[in-house]
Amino acid sequence: LLGVAIVSGALAVTARILVFERAPPREVATEHYHCPMHPSIVQEGPGTCPICGMQLVSAGGERSAAPRKVAFYRSPMDPRQTSQTPRKDEMGMDYIPVYDEADGSGESTVPGLASVHIDPARQQLIGLATAEVVRGTFGGQLRSVGRVAFDETRIRNVNVKTAGFVEEIFVNFIGQSVRAGEPLFRLFSPELYAAQSDYLLALKTTASLDGGAMRTGAELIGAARRRLELKDVASSEIDRLAQTGTARKDLLFFSPATGVVTKKNIVKGMALPAGSMPYEIVDLRVVWLLVDVYESELRFVTVGTSVVASFEALPGELIQGKVAFVDPVLDPTTRTVKVRVALPNPHMLLKPGMFGTATLQTNVAPAIIAPRSAIIDSGNRQVAFVALGDGKFEPRRVRVGRSADTGVEILDGLKPGERVVTRANFLIDSESNLRASLEALLPSSEARAPSDAQRGDAAQEHRH
């Protein structure tokens, strides 16, 4: 009996050992910690980051039986130093594993940039925000700043065709308003005096003729009168000369247009040579508003486009106008084109030199719209970072069109419904650039497909 009991006990112990050895090992849930600023720093249990010294935060329970795939290892002190196998740096610190993304999100279609993974804790730390790309309408209104200027088609110069001396002036300062036909100055000219005498002689000679000679006399009178008119002598002065029969020492010269004197080169007693311009007169009843339009928006502006202008000097008043001219030359400094808008100014309230805001009524067209802050413009390309979910962000090269206060028109690169990074995108751009630089140092096949021995070593170090 004693022997039977001993044998039975041995069999029971053996059965328990066999069952224990054949039972599958249970996966032990362990809590991992990572650095909020360097997500590649992961370890089991709390601690500090070997790069920045920050306290590691919990990433939640993970299954130690399924470690992430290691792409390569890099030095904690110099990220440019990488290795395909675990090693230590000159100071004896272990190289940090850089894990590959399971979905291959490290690949990017933008040269020099790579997709990045940012955990929620770090997103909150850097203030990351996203917004949705939407489909809407673009256009309708185009706002820009303009400056009031003279209408160059309404500028008139008063010139003197005969040399003489100024006897008297009636317009004495710049800015004085004049009307067409008002006297400007009196001029004594020996040549004009001789022309008056010739006209009077033609009148007297014709009066003494009769018969067929009257026709010749009329031709003489017409020629003498025409000579005075060509020297800008007013018709009223010629009629006065015919009525009085006496040549005057000086003659009156009148304003040829209504407007404001903007230049004055005449004083009493001065000698005026032939061809001099004593006055410049500008009609301000219509003025130009010179509006700056960017080259990207120029295709929406044509001659005849309706414009609504507002000015700080005229609060609450809107002035309607139309585009009169589009400058064919681009300003290389501001990269804009001057657009001339003709504005009515009947009460002279718009002064040349004033600044105003012009709203051009352009055509409305459907478009894909993204926030302006989502576009990173490096000068030779424009990039946006698209949120793929689970903390993954992909760089996307985009092509933009018009811009407005509401956003920017997307011509290519983004689709409606996608979410793009609108805040902290420059930090993500730096991280993406660094990751792309590190991957460029390694052969892509080795970085993406480590050997079984490397995987085993990486998993072993990850557990330790």
Side-chain angles (χ1 to χ4, degrees), residues 150-286 345-346 348:
F150 298 138
D151 184 344
E152 296 177 6
T153 63
R154 294 174 176 266
I155 299 177
R156 183 72 179 268
N157 279 314
V158 178
N159 56 50
V160 176
K161 297 181 174 61
T162 303
F165 302 89
V166 180
E167 296 290 324
E168 187 177 3
I169 61 174
F170 302 98
V171 178
N172 297 297
F173 54 88
I174 294 176
Q176 184 174 347
S177 298
V178 296
R179 300 184 65 85
E182 289 186 0
L184 296 177
F185 59 92
R186 284 187 178 275
L187 184 72
F188 163 67
S189 170
E191 186 177 346
L192 287 178
Y193 188 82
Q196 293 181 74
S197 300
D198 292 343
Y199 181 63
L200 291 176
L201 180 60
L203 289 176
K204 292 178 181 179
T205 302
T206 303
S208 63
L209 297 177
D210 55 1
M214 290 288 295
R215 182 176 179 180
T216 303
E219 293 177 353
L220 291 174
I221 294 175
R225 184 183 182 93
R226 181 62 176 166
R227 182 182 177 189
L228 290 171
E229 291 175 345
L230 291 176
K231 296 181 180 298
D232 287 342
V233 178
S235 298
S236 59
E237 288 290 286
I238 299 176
D239 293 340
R240 180 202 56 77
L241 179 63
Q243 293 174 2
T244 61
T246 304
R248 293 196 52 151
K249 172 188 174 183
D250 50 26
L251 292 177
L252 271 174
F253 285 82
F254 301 90
S255 174
T258 299
V260 175
V261 175
T262 55
K263 290 182 181 179
K264 173 180 172 290
N265 299 313
I266 182 175
V267 293
K268 185 177 180 180
M270 73 178 298
L272 291 179
S276 61
M277 292 182 291
Y279 293 102
E280 180 186 77
I281 301 173
V282 180
D283 187 359
L284 295 179
R285 289 175 293 182
V286 176
N345 188 29
M348 308 294 180

Next on the checklist: Measuring from atom CD1 of Ile266 to atom CG of Asn172, what distance do you get when rounded to the nearest 0.5 angstrom?
Outcome noted: 10.0 Å
Item to check | Derivation of the side chain to side chain contact (heavy atoms under 4.5 Å, CB included) call for Glu280 and Ile155 | outcome: CA-CA 7 Å; Glu280 180 186 77; Ile155 299 177; 3.7 Å; yes
Next on the checklist: Please check this pair: side chain of Tyr279 against backbone of Val171, looking for a donor-acceptor N/O pair closer than 3.5 Å.
Outcome noted: yes
Checklist entry - Heavy-atom distance under 4.5 Å between the side chains of Leu200 and Leu241, does that happen here? => result yes
Checklist entry - Please walk me through it: do Phe185 and Lys268 pass side chain to side chain contact (heavy atoms under 4.5 Å, CB included)? => result CA-CA 9 Å; Phe185 59 92; Lys268 185 177 180 180; over 6 Å; no
Checklist entry - What's the shortest heavy-atom distance between Ala202 and Ala224, and which atoms? => result CB-CB, 4.4 Å
Next on the checklist: Please check if the number of heavy atoms outside Lys231 that lie under 6.0 Å from its NZ is greater than 12.
Outcome noted: yes
Next on the checklist: For a side chain to side chain contact (heavy atoms under 4.5 Å, CB included) check, start with the C-alpha distance between Phe150 and Leu284, then their side-chain angles and the critical distance, and finish with the verdict.
Outcome noted: CA-CA 7 Å; Phe150 298 138; Leu284 295 179; 3.6 Å; yes
Next on the checklist: Tell me which one of Leu251, Asp250, Val160 satisfies side chain to side chain contact (heavy atoms under 4.5 Å, CB included) with Leu187.
Outcome noted: Val160
Checklist entry - Would the number of heavy atoms belonging to other residues, nucleotides or ligands and lying under 6.0 Å from CE of Met348 be above 12? => result yes
Checklist outcome for this item: dist Leu252:CG -> Arg186:CZ (nearest 0.5 Å) comes out at 3.5 Å
Checklist entry - Mind checking what makes side-chain hydrogen bond (donor to acceptor under 3.5 Å, both in side chains) contact with Lys161, not counting sequence neighbours? => result Asn159, Asp232
Checklist entry - So with a 6.0 Å cut-off around CZ of Phe188, is the heavy-atom count from everything else above 12? => result yes
Next on the checklist: Between Lys264 and Gln176, is there a side-chain heavy-atom distance shorter than 4.5 Å?
Outcome noted: no
Checklist entry - What do the steps show when you test Phe254 against Glu237 for side chain to side chain contact (heavy atoms under 4.5 Å, CB included), and what is the final call? => result CA-CA 10 Å; Phe254 301 90; Glu237 288 290 286; 4.3 Å; yes
Item to check | Over all atoms of both residues, closest heavy-atom pair of Ile169 and Val267 | outcome: CD1-CA, 4.4 Å
Checklist entry - Does the side chain of Arg225 come within less than 4.5 Å of Ser235's, by heavy atoms? => result yes
Checklist outcome for this item: Nearest heavy-atom contact between Arg179 and Ser255 is O-CB, 3.6 Å
Item to check | Heavy-atom closest contact (Pro273 atom, Ser276 atom, distance) | outcome: O-OG, 3.0 Å
